[in-house]
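All figures in this text were calculated on a predicted structure; none of them were measured in a lab. Computed from heavy atoms alone, side chains included, the values below leave out hydrogens, waters and symmetry copies. Along the sequence shown, residues carry numbers from 1. As the structure lists them, so they are numbered: ligands from 1, and atoms in each ligand from 1.
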Amino acid sequence: MTEAPELAVRLRDATWSSHQAAAGDGFLTGLLRGERSIDDYALLASQHLVVYRALETAVAASGSGLVAALHDEALERTAAIEADLDALGGIRMPTAAAVSYAAQLASLADDPVRLAAHHYTRYLGDLSGGQHIGRTLARRFGAGTTSFYRFAIDDLDAFKAQYRTTISTFGLDAEGEQALLEEAGRAYASAHALHASLATAGAEAAA
Ligand code: HEM
């Protein structure tokens, strides 16, 4: 009998189609193709500020061993986004989608499994495809605007491997696993909605 794949692999497999949808978002691909302006990038960074403040506040408030096992100070992005926004000329308005994403995160401070799902979706993404995004944006807008994508972590692959091992050894029961997979799906949906809101905001700004 073959063993079921470990939880980190099932999490990735269960959410990969949602990942592909979020990664293929028109706003993001347009930004990477050079079809969007530095103001559009500032708009995206401003939404990140709202989302990561909420995520990092919820993580700090959580007090859960499970979240603490996943977390590392080197992941925290709020100060990096603030520095990028200084270089980008200040904070732009958050969209309704970003505000509702942040509210979703704030509501999870007492729900470690669901908070872990968001932690994974944001930070493992930033350490993965985010590295490619950061290099492309740095070439276009200057490295002084892309601290968000740079981590004080020596070996990203080793860090990600350890992160996946931590997820796989959470010791979740079936209900906990179900909640983790479901909430990761919601996290991707929120990221998707956030990008969609920027496509509209960009169009409004251009009108
Ligand atoms: C242009 C956009 C994107 C590209 C090109 C991209 C690309 C990738 C690639 C190549 C990987 C696999 C890397 C590896 O196996 O180590 C990956 C992993 C990941 N990405 Fe993205 N990504 C993008 C956007 C996003 C977004 C918007 C999110 C979430 C908000 C996200 C979340 C993740 C996560 C959580 C993983 C880790 C999956 C796992 O191994 O469990 N990505 N991405």
Side-chain angles (χ1 to χ4, degrees), residues 4-36 40-41 43-56 58-59 67 70-72 75 77 81 95 97-98 100-102 104-105 108 113-141 146 148-149 151 153-170 172 177 180-199:
E6 55 181 24
L7 180 55
V9 175
R10 281 180 283 135
L11 175 58
R12 182 182 197 277
D13 290 352
T15 54
W16 197 247
S17 63
S18 306
H19 173 274
Q20 296 307 76
D25 272 331
F27 178 86
L28 202 52
T29 51
L31 190 65
L32 294 174
R33 275 200 221 108
E35 295 162 5
R36 294 219 166 235
D40 289 323
Y41 174 45
L43 198 58
L44 176 65
S46 300
Q47 313 315 308
H48 282 159
L49 184 60
V50 175
V51 168
Y52 283 82
R53 267 189 186 149
L55 174 60
E56 289 164 11
V59 166
V67 172
L70 272 187
H71 195 62
D72 189 304
L75 293 173
R77 300 291 84 200
I81 303 168
T95 64
S100 110
Y101 191 171
Q104 177 186 22
L105 289 163
L108 296 177
V113 172
R114 289 185 185 271
L115 185 56
H118 286 271
H119 194 280
Y120 157 81
T121 309
R122 293 301 340 174
Y123 294 125
L124 215 59
D126 298 333
L127 296 174
S128 304
Q131 295 303 294
H132 155 75
I133 297 173
R135 282 189 294 272
T136 304
L137 295 179
R139 277 196 299 275
R140 180 151 161 74
F141 301 123
T146 54
F148 171 74
Y149 299 94
F151 290 85
I153 294 173
D154 288 339
D155 185 339
L156 288 187
D157 287 339
F159 187 96
K160 289 194 285 180
Q162 179 57 51
Y163 191 101
R164 291 189 180 100
T165 302
T166 305
I167 290 180
S168 295
T169 52
F170 271 169
L172 298 181
E177 287 196 16
L180 183 77
L181 301 188
E182 183 185 277
E183 194 66 29
R186 285 203 190 129
Y188 277 117
S190 295
H192 192 51
L194 188 154
H195 293 146
S197 76
L198 294 181

- Message: Among all the protein's non-hydrogen atoms, which is closest to atom 16 (O) of ligand 1, and how far away is it?
- Response: K160 NZ, 3.0 Å

- Item | Among L180, L70, T15, T166, the one residue meeting side-chain contact (heavy atoms from CB on, under 4.5 Å) with Y120 | T15

- Any side-chain heavy-atom pair from L44 and R36 closer than 4.5 angstrom? no

- Which atoms from ligand 1 have a heavy atom of A191 less than 4.0 Å away? 30 (C)

- For atom 28 (C) of ligand 1, closest protein heavy-atom neighbour: Y188 CE2, 3.9 Å

- Task: Answer yes if the ring centres of Y123 and Y163 are under 6.0 angstrom apart, and no otherwise.
- Result: no

- For D154, look at atom CG and say whether over 12 heavy atoms of other residues, nucleotides or ligands are found less than 6.0 Å away. no

- Query: Hey, which atoms in ligand 1 end up nearer than 4.0 Å to a heavy atom of R164?
  - Reply: 16 (O), 39 (C), 40 (O)

- Query: For ligand 1, is Y123 a contact, meaning one of its heavy atoms is under 4.0 Å away?
  - Reply: no

- Heavy atoms of the protein only: does one fall short of 4.0 Å from atom 13 (C) of ligand 1? yes

- Item | Residue, atom name and distance, where the atom is the protein heavy atom closest to atom 11 (C) of ligand 1 | W16 CH2, 3.7 Å

- Query: Under 4.0 Å from any heavy atom of L32, which atoms of ligand 1 are there?
  - Reply: 1 (C)

- Task: Indicate yes or no for a side-chain donor-acceptor contact from S197 to the backbone of L194 under 3.5 Å, with no hydrogens or angles considered.
- Result: yes

- Message: Any atom of ligand 1 sitting under 4.0 Å from a heavy atom of L11?
- Response: no

- Item | L75 side chain reached by R122 side chain, heavy atoms, under 4.5 Å | no

- Provide, to 0.1 Å, the distance between atom 4 (C) of ligand 1 and the closest protein heavy atom, together with that atom's residue and name. A23 CB, 4.0 Å

- Task: Please could you name the atoms of ligand 1 that L28 approaches to less than 4.0 Å, counting only its heavy atoms?
- Result: 2 (C)

- Provide the number and element of each atom of ligand 1 under 4.0 Å from a heavy atom of G129. 6 (C), 7 (C), 8 (C), 17 (C), 22 (N), 43 (N)

- Query: Would you say Q47's side chain and T95's backbone share a donor-acceptor pair under 3.5 angstrom?
  - Reply: yes

- Message: Please verify the inter-ring angle class for Y41 with F141; under 30° counts as parallel, over 60° as perpendicular, anything in between as tilted.
- Response: parallel

- Any non-hydrogen atom of H195 lying under 4.0 Å from ligand 1? yes

- Item | Under 3.5 Å: donor-acceptor pair, side chain of S168, backbone of A8 | yes

- Look only at interatomic distance and state if H132 has a nitrogen or oxygen under 3.5 Å from any nitrogen or oxygen of ligand 1. no

- State whether the shortest distance between N or O atoms of R122 and N or O atoms of ligand 1 falls below 3.5 angstrom. no

- Just let me know how I133 lines up against ligand 1, side chain, backbone, both or neither, with a heavy-atom cut-off below 4.0 Å. side chain

- Query: Where does the angle between the aromatic ring planes of F27 and H195 fall among parallel (under 30°), tilted (30 to 60°) and perpendicular (over 60°)?
  - Reply: parallel

- Message: Taking the cut-offs as 6.0 angstrom to the six-membered ring centre and 45 degrees off its axis, would you call R77 and F151 a cation-pi pair?
- Response: yes

- Nearest-contact summary for atom 15 (O) of ligand 1 - protein heavy atom, Å: R12 NH2, 3.8 Å

- Do T121 and ligand 1 have an N or O pair less than 3.5 Å apart? no

- Task: Indicate yes or no: does an N/O atom of H19 lie under 3.5 Å from an N/O atom of ligand 1?
- Result: yes

- Closest protein heavy atom to atom 38 (C) of ligand 1, given as residue, atom name and distance to 0.1 Å: Y120 OH, 3.3 Å

- Considering only the protein, which heavy-atom contact is closest to atom 18 (C) of ligand 1, and what is its distance? S128 CB, 3.4 Å

- Return yes if a side-chain donor-acceptor contact under 3.5 Å exists between H118 and Y101, otherwise no. no

- Considering all heavy atoms, the nearest L127-K160 contact: O-NZ, 3.4 Å

- Query: In terms of residue, atom name and distance, what is the protein heavy atom nearest to atom 26 (C) of ligand 1?
  - Reply: A22 CB, 4.5 Å

